[in-house]
Amino acid sequence: MTKNPIVNGKLVCVALNDSEQFNAMQAEFAEAPYKGAPTQPVLYFKPHNTWSTDGAVVEWAEGADSMVVGASLAVVFGKECCRVSQAEALDYVEGYTLVHDFSLVEQNYYRPDIKGKCLDTTAPIGAEVVSIADPQALTVITSVNGTVVNETPVSQLVRGVAELISTISYIMTLQPGDVIAVGFPGQRAPVAKGDKVSSVIDGVTKLNNVLGN
Amino acid sequence: MKHARVLFNGSTLDVTVEEDGQLKSKTDGQLINEADVTWLSPIAEPGTIFALGLNYADHAAELAFAPPTEPLVFLKGANTLTGHKENAYRPDNIEFQHYECELVAVIGKEGKNISREDAMDYISGYTVCNDFAIRDYLENYYRPNLRVKSRDSLCPIGPWLIDKDDVGDISDLKLTTHVNGELTQEGTTADIIFDLPFLVEYLSKIMTLKPGDMIATGTPKGLKDMQPGDTVVCEIEKVGALVTNIVSEQEFYGDKY
């Protein structure tokens with residue numbers, strides 16, 4: 001396991017934030033067990049055993065037939081952020097990076113997905129924290145073995161960067177070294193043992209990982 | 001031995017709690033009166049905080065849930081932790097906030113794929129937490145969601161970490177909660193559905209457990225709403241009694257409100 005130099009507190013991830021997925025799931029949201037679409041951001045933690053780095057080999061889940069990956073723009077906090085408005089939210093950001101979320105196939109969203117999302121080394125975080133004037137203008141592109149599998153503009157997210165920072169800061173105070181991964185593609189990409197996964201925000205930053213065996 | 005962390009004269013101090021209740025500095029042996037300190041979370045570097053939902057048969061029935069066939073585990077952020085005798089807040093404009101008195105086991109040694117038989121070797125000791133929940137904020141997504149369970153100050157913990165061997169058998173410890181002196185929750189760890197060795201085996205099969213990780217093992221029945229001004233005492237036999245004062249959101253956040 002590799003200690004990540006960027007995140008040292010909380011890694012908060014936002015699920016169901018791709019508007020294509022969110023809209024496509026409306027009928028499913030209406031049924032049990034959900035009985036209604038989410039009214040708030042759907043959040044989960046990737047705990048410290050999951051954190052790894054750019055270039056890291058991501059452990060294949062013991063006994064798993066399949067795994068998936070999604071990439072997200074990630075906000076890194078530079079100062080304490082407690083109960084901030086959307087208008088001031090970006091002032092608390094030190095910079096941005098990328099996060100890969102490797103997991104088991106997402107079956108449903110009813111209960112916290114500890115089995116699927118908390119596997120060792122499955123949250124590589126980029127090596128650099130970069131300044132960006134307008135995070136909403138970025139696009140995250142992910143390739144598996146050189147073939148593009150996802151291309152998600154940040155503007156496609158149901159809730160944007162400033163809104164998420166504000167909402168989350170009213171639930172939990174964010175500290176320097178905390179990270180929010182703002183949204184993953186609804187269609188997570190299947191990966192196999194030994195696959196090379198590369199994500200890039202053009203001209204800004206990139207993140208490369210390999211699946212173990 | 002009981003290990004605590006306190007603020008004393010502006011610095012964080014590691015202390016032991018003596019038989020007479022006095023605190024003894026681990027640095028220089030100085031004896032300190034409890035009245036002169038602010039209690040902090042006893043875990044200096046909190047790792048992953050696991051908490052169990054519906055892990056007491058009587059509580060599951062109270063919430064009209066069938067007992068789970070697999071542990072319902074959720075994670076909490078370290079922002080939730082606060083010390084003994086500190087404030088926890090009630091959010092504005094909600095209907096129901098309840099306490100949850102829970103036995104917490106603290107991991108003392110890193111491990112993966114730990115068997116039930118070896119599980120207790122990985123526990124360093126125990127403490128008490130009050131895993132508050134805001135029922136109004138429940139939604140059926142990653143339930144219980146972070147908005148319910150990961151709020152600032154809403155997991156008081158302490159007063160201390162007591163060594164595992166000082167507690168001994170944890171299979172029938174009495175738990176009580178008193179609100180403003182009135183007994184409101186009473187149970188025993190004998191009603192736990194998934195016991196600690198099971199949970200260590202279960203979690204470590206998924207992921208590596210590390211020192212500072214904590215497992216809050218769930219709460220028995222006896223839910224009651226809390227209001228600012230209330231004092232809640234969660235007590236577990238042989239472990240400790242954790243006192244929390246409920247304040248309003250405005251009082252808690254002060255200038256940041």
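Heavy-atom basis, side chains included; hydrogens, waters and symmetry copies ignored. Here is the naming used below: chain letters follow the sequence lines, and residue numbers restart at 1 for every chain. All values derive from a computational prediction rather than experimental measurement.
- Of the listed residues (B/Ile206, B/Leu146, B/Thr48), the greatest number of heavy-atom pairs within a distance under 4.5 Å of chain A belongs to B/Leu146.
- Residues B/Tyr253 and B/Asp152 bring a donor and an acceptor atom of their side chains to less than 3.5 Å of each other.
- Within the 4.5 angstrom heavy-atom criterion, atoms from both the backbone and the side chain of B/Leu75 approach chain A.
- With a 4.5 Å cut-off on non-hydrogen atoms, A/Thr167 does not touch chain B at all.
- Interface remark: B/Tyr137 contributes no atoms to any contact with chain A (heavy atom separation under 4.5 Å).
- Under the 4.0 Å criterion applied to side-chain N and carboxylate O atoms, B/Lys109 and B/Asp118 are not assigned as salt-bridge partners.
- Nearest approach of B/Ser204 to B/Lys112, heavy atoms of both residues: O-CE, 3.5 Å.
- Proximity to chain A (any heavy atom under 4.5 Å) is shown, for B/Asn145, by neither the backbone nor the side chain.
- Only the side chain of A/Lys117 comes within less than 4.5 Å of a heavy atom of chain B; its backbone N, CA, C and O stay farther away.
- Per-residue counts of heavy-atom pairs under 4.5 Å with chain A were compared for B/Tyr141, B/Phe50, B/Phe74; the largest is that of B/Tyr141.
- Side chain of A/Ser52 to backbone of A/Thr121: a donor-acceptor contact under 3.5 angstrom is found.
- In summary, the side chains of B/Asp230 and B/Tyr99 do not present any donor paired with an acceptor at a separation below 3.5 Å, with no hydrogens or angles considered.
- With a threshold of 4.5 angstrom between heavy atoms, B/Lys76 approaches chain A through N, CA, C or O but not through any side-chain atom.
- Under 4.0 Å is where a charged nitrogen must lie from a carboxylate oxygen, and between B/Arg135 and B/Asp225 no such pair does.
- With a 4.5 Å cut-off on non-hydrogen atoms, B/Glu45 does not touch chain A at all.
- Taking A/Gly36, A/Pro47, A/Ala32 one by one and counting their heavy-atom pairs under 4.5 Å with chain B, the maximum is reached by A/Pro47.
- A/Gln156 and A/Asp18 share a donor-acceptor pair across their side chains, judged by distance under 3.5 Å alone.
- Only the side chain of A/Ala15 comes within less than 4.5 Å of a heavy atom of chain B; its backbone N, CA, C and O stay farther away.
- Contact of A/Lys115 with chain B is made through backbone and side chain together, with heavy-atom distances under 4.5 Å.
- For chain B, no part of A/Leu174 is nearby; none of its heavy atoms comes within less than 4.5 Å.
- Contacts of A/Glu62 with chain B are made by side-chain atoms alone, with heavy-atom separations under 4.5 Å and no backbone atom involved.
- Counting only distance, with no hydrogens or angles, the side chain of B/Asn140 and the backbone of A/Tyr110 share no donor-acceptor pair below 3.5 Å.
- Ranked by heavy-atom pairs shorter than 4.5 Å toward chain B, the options A/Pro41, A/Gly116, A/Ala37 are led by A/Ala37.
- Contacts with chain B were tallied for A/Val42, A/Ile168, A/Val84; A/Val42 has the most, counting heavy-atom pairs under 4.5 Å.
- Contact of A/Phe29 with chain B is made through backbone and side chain together, with heavy-atom distances under 4.5 Å.
- Note: B/Tyr142 and A/Tyr44 have perpendicular aromatic rings, judged against thresholds of 30 and 60 degrees for the angle between ring planes.
- Both the backbone and the side chain of A/Pro38 come within contact range of chain B, with heavy atoms under 4.5 Å apart.
- Listed for the B/Asn55 side chain is no donor-acceptor partner under 3.5 Å among the backbone atoms of B/Pro71.
- Side-chain polar atoms of B/Ser153 and B/Glu86 form no donor-acceptor pair below 3.5 angstrom.
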